[in-house]
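Before any comments, here is the structure.
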Amino acid sequence: MKSALMYFQIMRNSMRTAKAWKAAVVFQLILRGVMLFATVSVWHALYESSGSSSPGAMVVTDSGNAVTLEDTVTYMVTASVLHLMVFTGVIRILHQRIVTGDIALDLLKPASTMLNYFFQTAGESIVRVMTQALPFTALCLLAFHVKIPGLQNILLFFASTALAMMLNFLIYYTFGLAGFWHLSVNHVDFFLRNLLGFFSGSIIPLWFFPGFLSRAAGFLPFKYIYHVPASIFLGTFDAGETAFSFAIQGLWIVLLLLLQKLAWHFGTRKLVIQGG
Amino acid sequence: MGTLKLYMRFIQAYLKIKMEYRFPFFMDFFTHIVGYGLTYAGIWIIMTRFPVIRGWTFDEVVFLFSLNLLSYGISGIFFFTPLRRLESLVRDGSFDNLLIKPMNPFAHLVVRYFNHDFFGHVIIAVIFLAASAANLRIAWTPGAIFMLVLFVIGAVLIQAGLMILSAAICFWFFTDNASIDMVIYGTRRFIDFPVTVYDRGIQMILTFAIPYAFVNFYPAVYFIGEGKEIPFSPLLAAASPMAGIIVFAAAILAWNIGIRRYQSTGT
């Protein structure tokens with residue numbers, strides 16, 4: 001009970017800090033909107049130029065329906081909003097703290113370092129949802145032709161997004177611990193961001209991927225962060241697929257929880273703090 | 001001339017530091033090559049499903065994208081780090097250091113920060129540019145090579161000029177680097193595909209206001225424009241180097257106006 005209160009306080013503190021940056025937020029929202037507009041325009045042009053007989057317009061989703069332009073646009077908008085909801089900067093923070101030795105302060109705290117950063121990320125996410133994701137979604141609904149699904153899909157989407165956010169955090173956190181082995185976290189971060197962006201389906205919907213790449217994406221946890229919640233929102237998953245995807249999301253979370261525990265165990269044994 | 005000599009010394013010192021750790025040094029190129037390799041893979045995936053976009057085929061889009069990446073990479077080697085760091089220098093007052101040296105502050109800022117990562121961009125862009133040009137059977141006559149070099153110089157000047165312009169905004173107000181990011185990561189996105197993807201208004205902006213279309217669209221049209229929709233005039237291709245000079249000159253002008261506004265934070 002006491003520790004639950006503590007983590008709640010950590011989350012509230014991070015919410016207060018996150019609110020402090022206002023001007024930058026407006027610019028970032030504009031940037032996100034501009035990028036999404038460019039993407040949506042490209043999909044419009046692709047569908048118009050290649051026509052309904054092109055291989056792309058023949059592609060079917062898991063539910064067996066052909067992917068329409070409207071589906072693709074809705075998917076891209078959802079992915080863009082998802083980014084605002086699941087984003088975490090934990091890998092940079094961990095890197096900074098390991099390099100400067102400030103990680104020693106985390107070791108002193110009577111709290112789990114992982115949970116400490118998780119609740120910081122959660123606090124930031126909540127603020128980002130209220131200050132950025134909501135106005136951004138409203139703007140997207142006005143600007144683009146977005147499919148609105150039923151209430152059930154929306155609720156399942158939020159449940160899937162919550163798991164996606166945990167999964168995203170755990171991936172970045174676990175790879176951030178690579179800093180204990182003096183690996184250049186900059187490279188790890190850049191690599192991970194590109195790989196995740198590609199195989200999660202956040203840049204191109206996975207249903208357009210050729211067979212072998214789409215199979216490869218199935219073995220990785222990344223698609224459970226973007227493609228899966230977006231597909232649930234769109235309603236291209238049936239009940240069975242939705243239930244299955246929740247199970248796999250949970251499985252990846254458990255797996256990564258174990259992995260980060262191992263990395264933490266061996267990493268902190270290697271750690272040397274160079275005086276103060 | 002003295003500046004150039006100094007630059008060489010700075011680069012030597014920089015490489016000495018970086019080469020101390022060999023593995024990370026090569027990783028710097030490698031990660032970028034893989035990252036942009038995935039971008040090319042993305043173009044391939046999209047264009048196997050949708051074979052044409054506004055009359056442009058896969059090889060033509062790769063040619064177009066590579067011109068953008070090549071000029072961005074070259075300009076990034078010299079300008080990315082200094083300009084992305086400018087705001088924090090101005091914010092904490094360490095920009096003062098540049099003003100009290102017997103050297104032009106802009107030149108000093110640029111020579112102080114070199115960035116070898118962008119050689120990765122250049123390498124992968126050259127490979128894909130060459131491969132797509134071969135597939136498109138572009139005949140590399142001396143005249144065509146001369147034009148390509150001219151176009152790339154113009155494109156580098158535009159990319160650099162837009163980086164300078166968007167970074168110099170911090171002399172007026174701070175945006176936490178969002179203004180420069182907006183240009184290099186946001187607006188530059190508009191030229192990943194031919195500008196004919198967009199409506200007239202945006203084509204006009206990309207041609208006359210934020211002239212990214214001169215970075216790759218008009219130069220590509222010069223080589224492979226046959227049978228394609230070309231906004232305004234195909235003759236604009238010849239104006240690319242000129243556009244580069246204008247943008248770069250405007251950027252230096254804005255920089256000079258901005259620097260006059262600079263008042264140290266006093267710390």
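Sequence lines set the chain letters: A, B, ... in the order given, protein chains first and strands last, and positions in each chain run from 1.
- For the set A:M35, A:H187, A:H44, the count of heavy-atom pairs under 4.5 angstrom toward chain B peaks at A:H187.
- Counted within 6.0 Å of CZ on A:F175, heavy atoms from surrounding residues, nucleotides or ligands total 12 or fewer; the atom is thus considered open.
- Rounded to the nearest 0.5 angstrom, A:L46 CG and B:R49 CZ are separated by 13.0 Å.
- Ring-plane geometry between A:F208 and B:F50 is classed as perpendicular, the angle between the planes exceeding 60 degrees on a 0 to 90 degree scale with a lower cut at 30.
- The structure places CG of A:N194 at 6.5 Å from OG1 of B:T39, a figure rounded to the nearest 0.5 Å.
- Only the side chain of B:W44 has a heavy atom closer than 4.5 Å to any heavy atom of chain A.
- Only the side chain of A:L213 comes within contact range of chain B, with at least one heavy atom under 4.5 Å from a heavy atom of that chain.
- Only the side chain of A:F198 comes within contact range of chain B, with at least one heavy atom under 4.5 Å from a heavy atom of that chain.
- Heavy atoms closer than 4.5 Å to chain A are found in the side chain of B:V34, but not in its backbone.
- Here the closest non-hydrogen pair linking A:T39 and B:R189 is OG1-NH1, 3.8 Å.
- Looking at B:F30, only its side chain comes within 4.5 Å of chain A, counting heavy atoms on both sides.
- Here the closest non-hydrogen pair linking A:F190 and B:H32 is CZ-CD2, 3.5 Å.
- Contact count against chain A (heavy-atom pairs under 4.5 Å) is highest for B:F193 among B:Y185, B:W56, B:F193, B:F173.
- Interatomic distance, CG of A:L206 versus CD1 of B:I45, reported as 8.5 Å (0.5 Å rounding).
- Rounding to the nearest 0.5 Å gives a distance of 8.5 Å between CD1 of B:I43 and CD1 of A:I204.
- Chain A is approached within less than 4.5 Å, heavy atom to heavy atom, by B:V197, B:Y198, B:I202 from residues 195-219 of chain B, ordered by number.
- You'll find the side chain of A:V42 reaches within 4.5 Å of the side chain of B:I53, heavy atoms only.
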